[in-house]
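Step one of this worksheet: look at the structure below.
Hydrogens, waters and symmetry mates are skipped; everything else that's a heavy atom, side chains included, is used.
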Amino acid sequence: MANDTGIFNLRTIGAPTPWLVRTGAVEQITDSGKAVLEAARVSVVVDLREPDEVPARRADLPVVNVPLYGTTPPVIGTLESVYETLLRERGTALTAAVGVVADADGSALVHCTAGKDRTGLVVALARLAAGDDENEVVADYAASGPEVRKVRLTHAQQAAVGHEDSAGIMRLHLDSPPAAMHYALSIIAEWGGARDYLRTHGLTERQLFALQSKARGNRAA
């Protein structure tokens, strides 16, 4: 969704009232886009980018910056290796981002640059900890690829210029195949699942209960 909202790769989780919103970067948001976020009751924006990736903001909402990589974002490599590195080495940052979602008064908007990789992991952890179905989580992640490709194709092509594995670089920057998220979930399973992964990295029982309550309030009885 880019059109007149200035937002792309936008999806809401929870109905009738969302408790979680995911997008790509929101700097180009318009008044129409702000109205979309207001209708979704967004009360906080969780920006997962590194400080040097963040331009001036226009969301007119409280922003919590949780840099996930802790370094320059990767431009080469596989989705699987990137996700494994984040899950094994950046669990505290991933959990801090999920904690902001849990603590939000309304819904939380989570984004990075494309809303695909960093956002994909944080949203997956939050949804699984809240009790959402794993198949729905994977399908939600997989929906990013076509949306990102519409907006980020030129960027990906530029990143791939001169590299031997140009196809791999294009996959890293543009795709969100279910197999990549299944691989990430297999790593999370080593901790006993999303809730135990998050507990291990600092999420409190109160925050876990808050996530479950948010999702429960949007499920049919």
Can D105 and S43 be said to form a side chain to side chain donor-acceptor pair (under 3.5 Å), step by step?
CA-CA 6 Å; D105 291 331; S43 63; 5.6 Å; no

Walk me through it: do L128 and L185 pass the test side chain to side chain contact (heavy atoms under 4.5 Å, CB included)?
CA-CA 10 Å; L128 292 169; L185 297 183; 3.4 Å; yes

Side-chain (T200) to main-chain (D196) donor-acceptor, under 3.5 angstrom
yes

Hey, are the side chains of V21 and I13 touching, using non-hydrogen atoms and a 4.5 Å cut-off?
no

Per-pair distances, 0.1 Å, donor-acceptor, side chain in residues 173-181, under 3.5 Å, sequence neighbours excluded:
residue, atom, partner, partner atom, Å
H173, NE2, V75, O, 3.1
D175, OD1, R149, NH2, 2.8
S176, OG, Y141, O, 3.1
S176, OG, A142, O, 3.1
S176, OG, G145, N, 2.7

Could you check whether any side-chain heavy atom of V46 comes within less than 4.5 Å of a side-chain heavy atom of L48, counting everything from C-beta outward?
yes

Do the side chains of L172 and T78 get nearer than 4.5 Å, heavy atoms only?
no

Flag yes if V148 and V122 sit in one hydrophobic cluster, no otherwise; membership is Ile, Leu, Val, Met, Phe, Trp, Tyr, and two members link when side-chain heavy atoms are under 4.5 Å apart.
no

Does the pair L20 and S107 meet the rule for a side chain to side chain contact (heavy atoms under 4.5 Å, CB included), with working shown?
CA-CA 5 Å; L20 185 57; S107 63; 6.0 Å; no

Over 12 foreign heavy atoms within 6.0 Å of CD1, I76
no

Identify the heavy atoms of A25 and H111 that sit nearest to each other, and give their distance.
CA-ND1, 3.7 Å

Using modelled atom types only, decide if a donor and an acceptor are shared between the side chain of N9 and the backbone of G24 within a distance under 3.5 Å.
no

Shortest non-hydrogen pair, A129 vs L208, comes out as CB-CD2, 4.0 Å

Does the pair E205/R195 count as a salt bridge with the N-to-O cut at 4.0 Å?
no

Could you check whether any side-chain N or O of T12 sits under 3.5 Å from a backbone N or O of P18, counting only pairs where one atom can act as donor and the other as acceptor?
no

Testing the basics here: between A143 and E147, what is the closest heavy-atom pair and its distance to 0.1 Å?
O-CG, 3.7 Å

To the closest 0.5 Å, what do you measure between CZ (F8) and CG (L10)?
11.0 Å

Rounded at 0.5 Å granularity, tell me how far NE2 in H201 sits from CH2 in W191.
5.5 Å

Closest non-hydrogen atoms of E27 and P55, given as atom of the first, atom of the second and distance, are CG-CG, 3.4 Å

Any donor-acceptor N/O pair, T95 side chain to T92 backbone, under 3.5 Å:
no

Side-chain donor/acceptor of S32 to backbone N/O of T5, under 3.5 Å:
no

Test L211 against every option in L125, V101, D103 by the side chain to side chain contact (heavy atoms under 4.5 Å, CB included) rule and name the one that passes.
V101

Assess whether side chain to side chain donor-acceptor pair (under 3.5 Å) is satisfied between E84 and Y183, documenting all intermediate values.
CA-CA 8 Å; E84 181 163 8; Y183 183 78; 2.5 Å; yes

Just how far is it from atom OG1 of T113 to atom CD of E50, taken to the nearest 0.5 Å?
9.5 Å

For residues 151-169, dump all side-chain donor-acceptor pairs below 3.5 Å to protein atoms at least two apart in sequence or in another chain.
residue, atom, partner, partner atom, Å
R152, NH2, H155, NE2, 3.1
D165, OD1, G168, N, 3.0

Value rounded to 0.5 Å, distance of CG in L87 from CD1 in I187:
5.5 Å

CA sep, side-chain torsions, deciding dist, call: R199, T204, side chain to side chain donor-acceptor pair (under 3.5 Å):
CA-CA 6 Å; R199 286 188 183 103; T204 66; over 6 Å; no

Could you report the tightest heavy-atom contact between Y197 and I188, atom names first, then the distance?
CB-CG2, 4.2 Å

To the nearest 0.5 Å, tell me how far Q212 CD sits from D132 CG.
10.5 Å

Tell me the closest heavy-atom pair linking R11 and S144, and the distance in Å.
NH2-OG, 2.8 Å

Close side-chain approach of V64 and V45, heavy atoms under 4.5 Å
no

To the nearest 0.5 Å, how far apart are CZ in R127 and CZ in R22?
8.5 Å

For T119 and T23, what are the C-alpha separation, side-chain angles and deciding distance, and is it a side chain to side chain contact (heavy atoms under 4.5 Å, CB included)?
CA-CA 8 Å; T119 299; T23 73; over 6 Å; no

pair D117-L79: side-chain heavy atoms closer than 4.5 Å
yes

Under 3.5 Å, side-chain donor or acceptor atoms of residues 66-73 against the rest of the protein: list the pairs with distances, not counting sequence neighbours.
none

